[in-house]
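All remarks here apply to the structure that follows.
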Protein chains: 2
Amino acid sequence: MSVTIKDIAAAVGLSTASVSRILNGRGRYSAASAKRVQAAAAELGYFKNRSAADLASPQQRRTIGVINYLAATNANDQVIQGILAEARERDVEVTIMYAQRDNQASITRVVKSMIERQVFAVLFLSVRPDQTVVDTLRQARIYPQEVASASDLNISSVSSDDFQIGYQATDLLLRRGYRRIAFVGADPQKDIIGRYRYAGYTAALQAYDVTPAKEWLFIGDGQYSYHSGLAAVTDFSEHPQTAVDAVFATSDDTALGIVNGLYDLGRPFSPGSLAVIGVDGSSTCTRARPQLSSMTQSFDLIGRTAVAEAVHAGDQVDQIKRIEIPFTIEERQTTPTKK
Amino acid sequence: MSVTIKDIAAAVGLSTASVSRILNGRGRYSAASAKRVQAAAAELGYFKNRSAADLASPQQRRTIGVINYLAATNANDQVIQGILAEARERDVEVTIMYAQRDNQASITRVVKSMIERQVFAVLFLSVRPDQTVVDTLRQARIYPQEVASASDLNISSVSSDDFQIGYQATDLLLRRGYRRIAFVGADPQKDIIGRYRYAGYTAALQAYDVTPAKEWLFIGDGQYSYHSGLAAVTDFSEHPQTAVDAVFATSDDTALGIVNGLYDLGRPFSPGSLAVIGVDGSSTCTRARPQLSSMTQSFDLIGRTAVAEAVHAGDQVDQIKRIEIPFTIEERQTTPTKK
DNA sequence: CTGAAAGCGCTTACAG
DNA sequence: CTGAAAGCGCTTACAG
């Protein structure tokens, strides 16, 4: 039905082998033949059938799979930008598919589809595979890698140093004079990122001899969400004895929740109200008023590094490498010196 | 290298034909054989080779292509959510690829890849193909469709009624008592959405006998951007004779720019300052302070309808159908009655 | 420089 | 219920 190289071959009076060579610019052929083939292909409206080409010539390590998820705000877009850029430079294809974040059935379905499509690596963008999925991939000789996230599993990852993010953020607040610093948004018990950031947070406090009260920990939904920030403010205001004077919000969204919570309470942010620093460095930071200070992750570089690593890993699918990408501290208006 | 149905066939002592039938649940086979084949498949770690399956059995109308682009803020995520949901219900696959928004070379490259992958339709999510691309698709018997966007091209589209968006937004402002209403963010000359919204805007004004001054039109970068809103405020404040009292911002981002511009000028939004209504109904609206009134598009429904239409169009690739999805008006805090 | 032939892994009438 | 065989469209040694 659709036009094939056979049609082109017939049109120009060459074999399909020659047509194939010419179309792919491989092997030897005369310029004259090439010209006629190209013309015929254009004329007939020929397009390669990828399935056939892939089947005939199983390109090893040609396409990389990316599993993303849809969220309200998604820092993953920046990671994807990096992935696509690096992939283009390295001439590898990228197949992006969506899964539901913590739904293993959904993840399993997508992973299966990835395997069927012969990807040589799959990058999990903030979606957490379970061990079974990871094992399945390795068995299929596919390199699994977490990106912008890390878990307890035996799997490679490219992300920021979450302990340091927690440490540096808290340290900044301490240096600005705050002492009663809350930790809001992530769940130190349930997720490894939260655990590391919390560890950094407590270590920084310890260096200043402050012992966090348990009321300083506000988890909310544990999803690094805007809503957790909002809820935290209400909670703090209802328990004035908690008397926190600053918060380390585990995401910019959460930080925005804090600032908005203050606003909604009728005492909008001001130096002296409640300092706050978030994490990510998303566009939210400069679009909020006041603008949010943030531990800014290099998402683009994380994405780029992820594909570089995947390509590099080759078929060493069992290799486990945890790479940490540098972040920066962007101070804006929500971390003034304590007055 | 990887395990094939041949391996399974050998393992259980059946032909590949039988294995294929069993694995696909097609045709007749004994329960006993099925059991053994399933077991062997699991045991050996078998995964179908999609390329081979697709080649052997070219599933007509099985996968739909979606061309997306990466932007700072992206309402497309909601559209994609709708697309994926509808596609799952209809049992069609979705292949999502990214192009650079107004870069025809990039779009052409992606479209070519889509054709090679035998999609039966391609949905352009706010990316604008040119006529050549559209023609190419049709020639390849692929149904082209714009989604959440519309152009002058002869191509089907699923989007909101932009004239009405412009009309109703402006009308709301008029009903609230505003008369000197600016139009900010889109370029009525250069893009069809902007044109329709602007037409709606002027029609609404006309109904109230107001003639828009040309200073009321502030285009900025013409990209419906946050920055255009910010710049508009500066512009208006530098030309006090313009004296606009409200703005119809052609996106929520632009509306946020207006509100933030006011803040940055030291006279934060308040009833009496400058009313503003945006378009989209994105999460920005409820996360901004004040919360933004917005012409809320049904992006999920737009996405769903797009796949329904594509499936429905079948191979009528030349069919042109422009579908308009209802929107709603969400009034929040930025459109108080004029005082 | 070009062609005949085999093969990629799977599917599907067609026989039996 | 099962198998032999052909075929999907392309690629690639291998000859010539």
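Reminder, nothing fancy here: chain letters follow the sequence lines and each chain counts from 1.
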- From C/dT11, D/dC10, C/dC8, pick the nucleotide closest to the side chain of A/Leu55? C/dC8
- Contact list for DNA chain D against residues 31-44 of chain A - heavy-atom distance below 4.0 Å: none
- Does B/Ser30 place a side-chain N or O at less than 4.0 Å from the phosphate oxygens OP1/OP2 of D/dT2? yes
- Under 3.5 Å: donor-acceptor pair, side chain of A/Thr108, backbone of A/Gln104: yes
- Ion pair check, B/Asp91 and B/Arg62, cut-off under 4.0 Å: no
- Message: Assuming nearest nucleotide by heavy-atom distance, tell me which of B/Asp54 and A/Ala17 is located more 5' along DNA chain C.
- Response: A/Ala17
- Message: At 4.0 Å (heavy atoms only), tell me whether B/Ala53 reaches a base, stays on the sugar-phosphate, or touches nothing.
- Response: sugar-phosphate
- Quick one: does A/Arg138's side chain have a donor or acceptor within less than 3.5 Å of a partner on A/Tyr143's backbone? no
- Message: Any strand counts, and the cut-off is 3.5 Å on both contacts for Watson-Crick or G-U wobble. Which nucleotide pairs with D/dA4?
- Response: none
- Message: Using modelled atom types and a 3.5 Å cut-off, is there a donor and acceptor pairing between side-chain atoms of B/Asp130 and backbone atoms of B/Val133?
- Response: yes
- Message: Considering every strand and a 4.0 Å limit on heavy-atom distances, what is the contact class for B/Arg26: base, sugar-phosphate, or nothing?
- Response: sugar-phosphate
- With a 4.5 Å heavy-atom cut-off, do A/Lys48 and A/Asn24 have their side chains touching? yes
- Side-chain N or O of A/Ser57 less than 4.0 angstrom from OP1 or OP2 on D/dT12? yes
- Query: Under 4.0 Å: is that the gap between some side-chain N or O of A/Ser15 and OP1 or OP2 of C/dA4?
  - Reply: no
- Message: Can you tell me the base-pairing partner of D/dA13? Count Watson-Crick or G-U wobble geometry only, both distances below 3.5 Å, and say none if there is no partner.
- Response: none
- What is the distance from atom OG of B/Ser33 to atom CG of B/Leu14, rounded to the nearest 0.5 Å? 5.0 Å
- Query: Contact class for B/Ser20 vs. all strands (heavy atom < 4.0 Å): base, sugar-phosphate, or nothing?
  - Reply: base
- Query: Nearest of C/dT12, C/dG9, C/dA4 to any side-chain atom of A/Arg21?
  - Reply: C/dA4
- Message: Taking B/Arg117 first and then B/Glu93, would you say they form a salt bridge - that is, a charged N and a carboxylate O separated by under 4.0 Å?
- Response: no
- Query: So, is B/Asn49 near the phosphate of C/dC8, with a side-chain N or O under 4.0 Å from OP1 or OP2?
  - Reply: no
- Item | Short side-chain N/O contact from B/Tyr29 to OP1 or OP2 of D/dG3, under 4.0 Å | no
